[in-house]
Amino acid sequence: MRIVVVGSGGREHALLWKLKQSALAPRLFALPGNPGMADCAELCSSGIGVDELVTRIREIGPDLVIVGPEQPLADGLTERAEALGIRCFGPTSGAARLESSKVFAKRLMKANGVPTAPFEIFDDFYALSDFVRENPRAEGRVLKADGLAAGKGAFVCSSDDEVLEIAHQLLVDHELGKAGSQVVLEEKLAGREASLHFLCDGTNFVALPPAQDYKRAFDSDLGPNTGGMGTYCPAPHADAKVFESAERAIVRPVLTAMAELGCPYRGVLYVGIMLTDKGAQVIEFNCRFGDPETQVMLPCMSFDLIDAVVACTDGGLAHEKFSSEPACSSVCVVLSAEGYPGSYQKHIPLHEADLNSNQILFSAGTTLSDGQWVSNGGRVLNAVGTGATVAEARANAYELAARIAVPGLRFRTDIALEAAS
Ligand code: AMP
Ligand code: GLY
């Protein structure tokens, strides 16, 4: 069986690592991947545009394509692969609107009674500023660009003046281009966040163990938002009660609504929730696996990923076949370039490391330069530890992080600390 994984980061390395363990012994291709994944897959150079990806996929002739990032999904890679008769795990562009348009997602939630922060939609700065002046709000608001903005489209504002400043940047100065030409203005929610992932076949779904992401750059959740500086799994606060309500009030109605719209949702649905005093509320949907959530969820997954993915693409995903119970605990510490998420240095020389049986090194933003393995992104390496408990997993992850850290790389020191005592 030939499987192509589209993407080049730590999430895709984790997918390949898990696929490699399958009893089906697949031949794996990374499109384009990065040199740190060469132990798992054949690297196939490619541009990231959908036309180039489709050309390369046609040449490789896989039985299955698994898409990591959101952009190719939003651009229609799934329907293009399916038109070639190739199974593709990931929603079509119509279904991927749950992530690629915040306006679409919020309207769908409202129409179907899915719990989420109250909101308004604007494409005109003056209409937005009239609304804000007429409805002052001291508790804070969040302003979100409608379209994909590489994680830079959500602004948590502590005052209405800040809202107006950012709305001006988006709607008048067009700082995010077309992605920000329409915005969602919503109430700021208070509570703990958790990342829930559901494998979906259009009708049925299976939950993966819950992960906790650390989005801020520095310890104690200080500093700017990032793509994620670390994760652990399972997250104890997302307990059975939370899953029961998320499945009943969020996932089930969303899958039904998408099917009714003629866009059945097949792939992984990432539901970012806030656990508020009114219960779980949706912060965001993503149409793909989280990064770095995948790096901790897959080591905890007790079933064969290929079986589950094929059940999603072909239909008939059977709940009883795929247990949501984690097989172990896992912690991921992201080593990032100093300065990330602002400007940072590239070409930092990296080195391999010996791993014990409870350590995994995933390669994220890396490349080869004159034969030397070097960094070429903000999030460079992922040190993952597993164990019977979060404390054990954490000790393994940090032991590895300390050994692979080189000058120019840094990491948070408090990932999973709360769950490790
Ligand atoms: P998003 O791009 O929608 O995932 O938002 C990015 C981050 O902004 C989330 O992970 C939250 O930390 C924060 N955020 C988004 N929406 C809200 C909200 N309504 N209330 C509080 N924080 C939010
Ligand atoms: N770690 C957050 C995300 O993948 O969107």
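Both ligands and their constituent atoms are indexed starting at 1 by order of listing. All residue numbers refer to positions in the sequence shown, counting from 1.
Nearest non-hydrogen protein atom to atom 5 (O) of ligand 2 is Arg288 NH2, 2.9 Å. Here the heavy atom of the protein found nearest to atom 6 (C) of ligand 1 is Ala154 CB, 3.7 Å. For atom 17 (C) of ligand 1, the closest non-hydrogen atom of the protein is Val142 CG2, 3.6 Å. Summary of contacts: the protein heavy atom closest to atom 13 (C) of ligand 1 is Val156 CG2, 3.7 Å. Of all protein heavy atoms, the one closest to atom 12 (O) of ligand 1 is Glu193 OE2, 2.5 Å.
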For the pair His13 and Gln295, evaluate side chain to side chain donor-acceptor pair (under 3.5 Å) and give the outcome as yes or no after the intermediate values. CA-CA 8 Å; His13 194 174; Gln295 290 89 314; over 6 Å; no

Just do the side chain to side chain donor-acceptor pair (under 3.5 Å) check on Thr116 and Lys106 with the steps written out, would you? CA-CA 8 Å; Thr116 190; Lys106 290 295 277 192; 2.9 Å; yes

Show the numbers, then the answer: is there a side chain to side chain donor-acceptor pair (under 3.5 Å) between Glu392 and Asn396? CA-CA 6 Å; Glu392 223 177 280; Asn396 282 316; 5.3 Å; no

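For ligand 1, the atoms lying closer than 4.0 Å to a non-hydrogen atom of Met274 are 21 (C), 22 (N). Every atom of ligand 2 is numbered from 1 in the order shown, and the set under 4.0 Å from a heavy atom of Asp213 is 1 (N), 2 (C).
Among the atoms of Lys215, none of the N or O lies under 3.5 angstrom from an N or O of ligand 2.
A heavy-atom separation below 4.0 Å is not found between Gln281 and ligand 1.
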